[in-house]
Structure formats: structure tokens, C-alpha cells
2 protein chains.
Amino acid sequence: MSEPTTRHPTPAHVTLAVVLQVRDGVLQALLWQRAREPFKGRWSLPGGYLAERDTLEDSIRRHLAEKVDVRELSHLEQLETLSDPTRSPREWQLATAYLGLVPSDIDPELPGDTDWHRVDDLPPLAFDHGSIVLAGRERLRAKLSYTNLGFALAPDEFTISELRDLYAAALGHDVSATNLQRVLLRREVLEPTGRQRASGPTGGRPGSLFRFRTSELEITDQFAVLRPPGPARLPVA
Amino acid sequence: MSEPTTRHPTPAHVTLAVVLQVRDGVLQALLWQRAREPFKGRWSLPGGYLAERDTLEDSIRRHLAEKVDVRELSHLEQLETLSDPTRSPREWQLATAYLGLVPSDIDPELPGDTDWHRVDDLPPLAFDHGSIVLAGRERLRAKLSYTNLGFALAPDEFTISELRDLYAAALGHDVSATNLQRVLLRREVLEPTGRQRASGPTGGRPGSLFRFRTSELEITDQFAVLRPPGPARLPVA
DNA sequence: GCAAAAGTGTTGTGTCTACACCCATGT
DNA sequence: ACATGGGTGTAGACACAACACTTTTGC
């Protein structure tokens with residue numbers, strides 16, 4: 001298997017990751033400054049060549065491990081594979097992009113050539129990485145609406161206001177804490193922990209703490225329309 | 001560019017397509033019977049090796065052109081890239097899978113080693129192709145609910161009953177013609193052509209003919225929830 | 001008491017399913 | 001006339017956004 005029996009020319013293959021986190025109330029992406037040509041000095045997505053015996057997911061986890069502690073990745077999913085033959089000026093190279101998420105309460109140690117950048121205000125990126133970041137953001141936004149993916153942005157415990165700020169940063173628009181709470185509780189995505197956050201120095205009622213019921217991705221708004229026929233589902237007996 | 005400057009070992013790369021069509025009122029997939037080892041004689045997805053200077057999409061279109069007339073593909077989108085190092089017994093091989101759709105009124109000429117199979121009753125497939133077919137079906141089902149993707153399953157003109165049968169076959173459950181019509185008209189996905197289908201031999205009111213307003217994929221049910229704030233959108237003035 | 005922050009009650013709206021009913025055609 | 005299939009009217013269920021109001025804290 002390590003000796004391909006094909007006589008077809010094969011492209012180089014790299015894995016890339018759009019790693020997103022809400023930092024300072026803003027959605028940010030982890031970028032890495034290229035040390036070498038092509039695009040020397042430009043910011044780019046972390047990643048690297050696929051090694052033998054690695055799956056694509058293994059590969060991107062391995063490359064990311066050099067930047068951030070992989071245990072800190074709360075979610076990782078494949079985005080798409082890019083194949084424009086001119087996407088790299090030097091070689092025939094395919095790239096499989098992943099979306100990775102990091103909870104907001106974590107501040108990983110980073111090497112000197114690596115830093116967070118606001119997705120709303122990115123510098124020019126190497127290759128086609130700019131459009132990949134935007135694709136990752138769109139995927140995140142869509143899944144926040146119809147899945148429980150919020151778990152990947154949030155700490156283990158949080159108040160509704162804190163969660164609201166995370167959603168607002170990721171979605172790019174204001175979110176009402178009132179309605180967010182009701183939607184996520186109705187869908188049984190959140191559950192109360194029973195504990196409370198202490199009031200801040202300026203006073204105010206202490207907020208109750210919640211947690212996500214599960215850290216596995218689940219679709220919570222299946223069948224937005226064209227449901228299968230049948231009597232209405234019982235309202236959670 | 002045709003001379004990779006990398007010294008990394010590179011995997012073989014193939015493109016595959018799950019081509020789906022509603023035939024005889026049932027969702028079916030286009031399969032091809034392997035002439036050679038490995039998996040000689042087994043049914044498998046059409047596709048083949050990626051050639052230099054091809055994008056992945058070019059590649060799968062080219063391979064499909066040997067089976068069906070590509071102009072008959074009403075939709076083509078990337079599904080995922082598979083990379084398990086053991087997925088092919090002979091070589092290190094990645095596969096990028098696509099979903100292709102063919103309108104129900106077309107009956108392409110097929111070579112002798114190629115045929116349609118009901119997705120609900122597939123034979124054992126080569127490699128990991130069985131799970132890819134199911135992933136394609138799930139993608140189709142999801143997008144039928146929140147996009148106008150129905151255009152890719154339907155002929156240019158159709159009655160609501162005919163469209164209902166297509167949706168039912170693809171979704172795998174009964175669909176109400178009444179509600180289907182109202183949902184798709186409200187969303188302005190369908191428009192009446194003004195023409196009618198003649199009655200069948202057994203009588204019955206002739207059905208009005210409709211068409212999809214566009215054959216570009218559009219999201220018609222954006223923001224199922226967590227809409228951006230603001231006054232309610234005007235009800236289509 | 002007053003400001004600040006959290007949380008609940010309530011109303012209105014839009015979208016969907018279900019089902020009854022009416023319409024147009026062939027025999 | 002009556003069977004067959006197409007289409008409309010309408011009622012009820014539900015989920016959501018918006019906003020007023022109440023509760024709990026610090027000062």
C-alpha cells in the first residue's frame with residue numbers, strides 16, 4: 001500500500017484548517033505567517049502535507065498540534081476539497097479544508113509566527129485561503145441555527161448573557177438573550193446546572209448557569225418543512 | 001506545474017459520483033459493474049482517476065460523460081473527500097465524492113456494464129461506496145427541505161401531483177400535494193406556466209402545469225431560527 | 001432608594017399540517 | 001350521473017420575535 005501501483009500522476013495534497021474562536025467578543029481565526037515562498041510573509045491557514053497512513057482528519061489534527069493543543073478543539077469537520085490547478089503557483093496541489101472550533105474560555109499558547117485575526121477584518125491571505133475562511137464562517141453560522149453546535153464555542157458553564165454574546169459574535173448580528181434562552185431550552189439543547197454566577201461589582205441580578213446537554217453534534221431543527229406525515233409530536237411528555 | 005517540486009509521497013486521487021434519479025417512482029442510483037480486481041464484478045460508483053490540469057469537478061464530469069450525457073446532469077455538488085488509508089486494498093487512494101442529479105423525464109443511453117439500482121435496495125458495493133450513496137441521499141433529502149433543489153429532479157414542466165411523486169420518492173415518505181404546492185408557491189420557488197396537462201383516459205380534472213422559477217440552487221428557508229433582528233419582512237408586496 | 005442585570009409573561013405574527021369541501025373532466 | 005383526479009378554504013398547532021414587566025443583586 002505504501003507503494004502505489006498506479007501509473008497516474010498524482011497531486012500533492014495538503015490539509016488546512018479554519019480554526020475559529022470568539023475572542024474579545026469577536027469571531028477570530030487562527031492564522032500563521034508564511035516563512036517561505038510562495039507568499040512569503042503572508043498570513044495563511046495552518047496545515048500541511050498529508051502523510052502516508054494518515055486520514056485527512058489525522059493529518060490536520062497533527063499539523064494543528066504544532067500550533068494549539070488539540071484537546072482544546074471542541075469540534076472539527078470537513079469543509080471542502082479545493083482543486084483549481086492554478087491555486088498554488090508552484091505545484092499541482094489539492095487542499096482539503098476543515099473547520100475547527102475552540103471554546104471561548106481557552107487561550108492557547110501560540111508560537112511566534114501564529115496569531116488570531118478578526119474574521120471581519122482579515123489581512124490579505126495566501127493562496128485561496130481568504131475564501132476558505134469565509135466558507136468556514138458560513139458553515140458555522142448555518143449550523144448554529146439548526147444544530148446544537150453552540151457547545152463548541154462555549155465554556156462548560158455559562159450564563160445566558162454570556163452565551164448570547166458568543167452567538168452574536170459568531171452570527172454577526174445582535175441576539176436577544178430572552179429568545180435565545182427559550183429556543184435552546186425548548187429544543188432541550190441547554191440544561192440548568194442549578195448554580196449561579198456571582199454578581200459583578202456594579203450589581204445586577206446574578207445569572208443562572210447553564211450547560212449544553214451534549215457535546216456531540218445533533219440536528220435540533222430537523223425537517224424545517226416537508227415533515228413526514230403523522231400526528232403532531234407530543235410536546236415532550 | 002506539471003512537475004511537482006515536493007518530495008512528499010502523494011496518494012492516488014479518484015473522483016466518484018452518486019448520480020440519483022427518480023425512475024419508476026423510486027429513487028435510483030447509477031452504478032457500474034467493475035471489470036477488474038479489486039472487487040471484480042461488484043457494483044460501484046462511476047468515476048476514475050484525477051488527471052492533471054483538471055479540477056475535481058472537471059474530472060467527475062469527464063468520467064461521467066462516458067456513462068451519461070453530461071448535459072443531462074441538472075445538478076452537481078461536492079459531497080466529501082474520503083481518506084481512510086485502508087479504503088482501497090491496493091493503493092493509497094483518496095476519493096472525492098460528488099452528488100449528481102438527473103431530471104426524471106430523461107432516460108440516458110447506458111453502456112452494458114452500467115445500470116440503475118434502487119437506493120432502498122442496493123447490492124453490496126465495492127470499497128466504501130455503499131456509505132457514499134447514503135450520504136448523497138441524505139444531502140438530497142436535506143436540501144429538498146430548505147432549498148429549491150427540486151428543480152434538479154423534475155422536468156421543465158410538471159403538475160403538482162407529478163412533483164409530489166418525485167418528492168415522495170426522494171424523501172422516502174408520503175408528501176401532500178396540497179401542502180407541497182402551497183409551500184413552494186409561497187416561497188416563490190414554483191410559478192404557473194398557464195398551460196394544462198390533458199386529462200388521463202379515466203377522466204379527472206386536468207392539472208395545471210408549473211415550472212421552477214430558476215435552475216440555480218437557492219436557499220429558500222434561510223434562518224430557520226435566530227434571524228437577525230428587525231421589523232418583519234414585508235409579505236411580498 | 002436607585003441603577004444594573006437577569007428572567008418571565010404576554011401578545012402578535014407567520015408558517016406549517018390536516019382535513020373538509022369544491023371544481024373540471026371522461027365515460 | 002358518477003367516478004376520478006385537481007385545487008381551494010379554513011381551522012388549529014406551533015414556534016418564533018418583540019416588548020413590557022418583574023425579580024434580584026450592589027451601592
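Note that the structure is a prediction, hence the values are computed from the model and not measured. Proteins come first, then strands; the chains are lettered A, B, ... in the order of their sequence lines, and each starts at number 1.
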task: Indicate whether OP1 or OP2 belonging to C:dG7 is found under 4.0 Å from a side-chain N or O atom of A:R197.
output: no

Integer-rounded Å distance: D:dA17 C1' and A:R164 CZ: 15 Å

message: Evaluate A:T81 against A:T96 for side chain to side chain donor-acceptor pair (under 3.5 Å), listing each step before the verdict.
response: CA-CA 4 Å; A:T81 300; A:T96 298; 3.0 Å; yes

- request: Please state how far atom CG in A:D221 lies from atom C1' in C:dC16, giving the value in whole angstrom units.
  value: 13 Å

task: Side chain of B:T202 only, please: which of D:dT25, D:dT4, C:dT25 is the nearest?
output: D:dT4

Check: B:F158 ring centre within less than 6.0 Å of B:F151 ring centre: no

field: SB check A:D107 A:R23 (cutoff 4.0 Å)
entry: yes

query: Is it the case that A:T55 and A:D58 place a side-chain donor and acceptor less than 3.5 Å from each other?
result: yes

query: Taking the nucleotide of DNA chain C with the closest heavy atom to each, which residue, A:Q181 or A:G204, is nearer the 5' end?
result: A:G204

message: Nearest whole Å is fine: how far is D:dA15 P from A:L185 CG?
response: 14 Å

D:dG6 phosphate, OP1 or OP2, under 4.0 Å from B:S161 side-chain N/O: yes

query: To the nearest Å, how far apart are A:R182 CZ and D:dC19 P?
result: 14 Å

- prompt: Roughly, in whole Å, what's the span from CG in A:N179 to P in C:dG9?
  reply: 14 Å

task: Can you tell me the distance, in whole Å, between the CZ atom of B:F210 and the P atom of D:dG7?
output: 6 Å

message: Is the phosphate of D:dG7 approached by B:T178 (side-chain N or O, under 4.0 Å from OP1 or OP2)?
response: no

Spacing between B:L184 atom CG and C:dT15 atom C1', to the nearest angstrom: 14 Å

query: Among C:dT25, D:dC16, C:dC16, which is the nearest nucleotide to the side chain of B:V183?
result: C:dC16

message: With a cut-off of less than 4.0 Å, is there a side-chain N or O of A:R205 near OP1 or OP2 of C:dT8?
response: no

- line: Whole-Å distance, A:I160 CD1 to C:dT8 C1', equals 13 Å

message: Closer than 4.0 angstrom, basic N to acidic O: yes or no for A:R197 and A:E162?
response: yes

- request: Remember a base hit wins even if backbone is also touched, and classify A:S208 as base, sugar-phosphate or nothing at under 4.0 Å, heavy atoms.
  value: sugar-phosphate

message: Can you tell me if B:R186 touches the phosphate of C:dC16, counting only side-chain N or O atoms and a distance under 4.0 Å to OP1 or OP2?
response: yes

